[in-house]
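This is a predicted model, so every value here is computed, not measured.
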Amino acid sequence: MAGLLNGAFGGPVTIFPAGGAGVEVRGVLRSERVELETAEGFEVLSAAPVLKLLKADAVQLQEGDRIEAQGRTYQVRFRIPVSSPASDRFEPFALWEVEA
């Protein structure tokens, strides 16, 4: 199902796993509510850019890696845990927007 959604709603995204060469994939980039931890250790809900990639495209992506999408540059904050065991599921990542 994620593959169909990605085909319909996804767009081109360039990922730079481990700081290496850019790889173009399709992904869904939206602003969503994400649970974040403050410096004081409190959990809060905040709007953040979230990138959803197919599991196969997200294997090497990790915290700190660079993403380019929709004319903007982002950095991966963290992978958002998912409970779906589906092999074609989306892997969501919370992002920071950074200056290019």
Side-chain angles (χ1 to χ4, degrees):
M1 184 61 130
L4 293 173
L5 292 172
N6 199 33
F9 300 109
V13 175
T14 304
I15 61 174
F16 297 85
V23 178
E24 188 167 304
V25 297
R26 287 188 67 79
V28 178
L29 179 63
R30 300 280 187 268
S31 182
E32 296 185 9
R33 291 192 319 173
V34 177
E35 197 170 287
L36 302 173
E37 188 172 314
T38 66
E40 295 81 22
F42 297 103
E43 292 181 359
V44 297
L45 284 177
S46 179
V50 173
L51 175 63
K52 295 178 182 177
L53 297 175
L54 294 177
K55 180 182 175 186
D57 294 333
V59 172
Q60 297 179 17
L61 204 59
Q62 55 190 309
E63 184 178 328
D65 287 348
R66 189 170 52 121
I67 307 287
E68 292 178 357
Q70 300 176 355
R72 296 183 176 169
T73 302
Y74 301 91
Q75 187 174 27
V76 175
R77 281 174 140 172
F78 57 88
R79 184 183 299 250
I80 299 171
V82 294
S83 58
S84 171
S87 61
D88 70 339
R89 71 179 179 259
F90 275 128
E91 290 286 337
F93 295 86
L95 308 175
W96 292 106
E97 186 171 355
V98 296
E99 294 296 319

With rounding to the nearest 0.5 angstrom, report the CG to CZ distance, Leu95 to Phe78. 9.5 Å
Using side-chain contact (heavy atoms from CB on, under 4.5 Å), reason through Val13 and Leu51 one step at a time and then give a plain yes or no. CA-CA 9 Å; Val13 175; Leu51 175 63; 4.0 Å; yes
Quick one, Val82 with Phe90, criterion side-chain contact (heavy atoms from CB on, under 4.5 Å). Give me CA distance, side-chain angles, the key distance, then yes/no. CA-CA 8 Å; Val82 294; Phe90 275 128; over 6 Å; no
Under 3.5 Å: donor-acceptor pair, side chain of Asp65, backbone of Ala18: yes
Applying side chain to side chain donor-acceptor pair (under 3.5 Å) to Arg79 and not counting sequence neighbours gives Glu91
Results of salt bridge (Lys or Arg N to Asp or Glu O under 4.0 Å) for Glu68 - residues two or more places apart only: Arg66
Partner set under side-chain contact (heavy atoms from CB on, under 4.5 Å) for Arg77, not counting sequence neighbours: Leu36, Ala48, Ala94, Trp96
Exercise: identify the closest heavy-atom pair between Ala21 and Pro17: O-CD, 4.1 Å
What do you reckon, is CD of Gln60 surrounded by more than 12 foreign heavy atoms closer than 6.0 Å? no
For Glu40, the side-chain contact (heavy atoms from CB on, under 4.5 Å) test, sequence neighbours excluded, returns Thr38, Phe42
What's the separation between atom CD1 in Ile80 and atom CD in Glu32, rounded to the nearest 0.5 Å? 7.0 Å
Taking side-chain contact (heavy atoms from CB on, under 4.5 Å) as the test, write out the residues that go with Ala86, two or more places apart. Ser84, Asp88, Arg89
Test side-chain contact (heavy atoms from CB on, under 4.5 Å) on Thr14 and Ile67 and set out the steps. CA-CA 6 Å; Thr14 304; Ile67 307 287; over 6 Å; no
Glu97: which residues meet the salt bridge (Lys or Arg N to Asp or Glu O under 4.0 Å) condition with it, sequence neighbours left out? Arg72
What I'd like to find out is whether the side chain of Leu45 reaches to under 4.5 Å of the side chain of Val34, using heavy atoms alone. no
Where do Leu29 and Val50 land on the side-chain contact (heavy atoms from CB on, under 4.5 Å) test, with the steps shown first? CA-CA 6 Å; Leu29 179 63; Val50 173; over 6 Å; no
Does Leu61 reach the side chain of Phe93, with side-chain heavy atoms less than 4.5 Å apart? yes
Shortest non-hydrogen contact from Glu24 to Pro12? OE2-CB, 3.7 Å
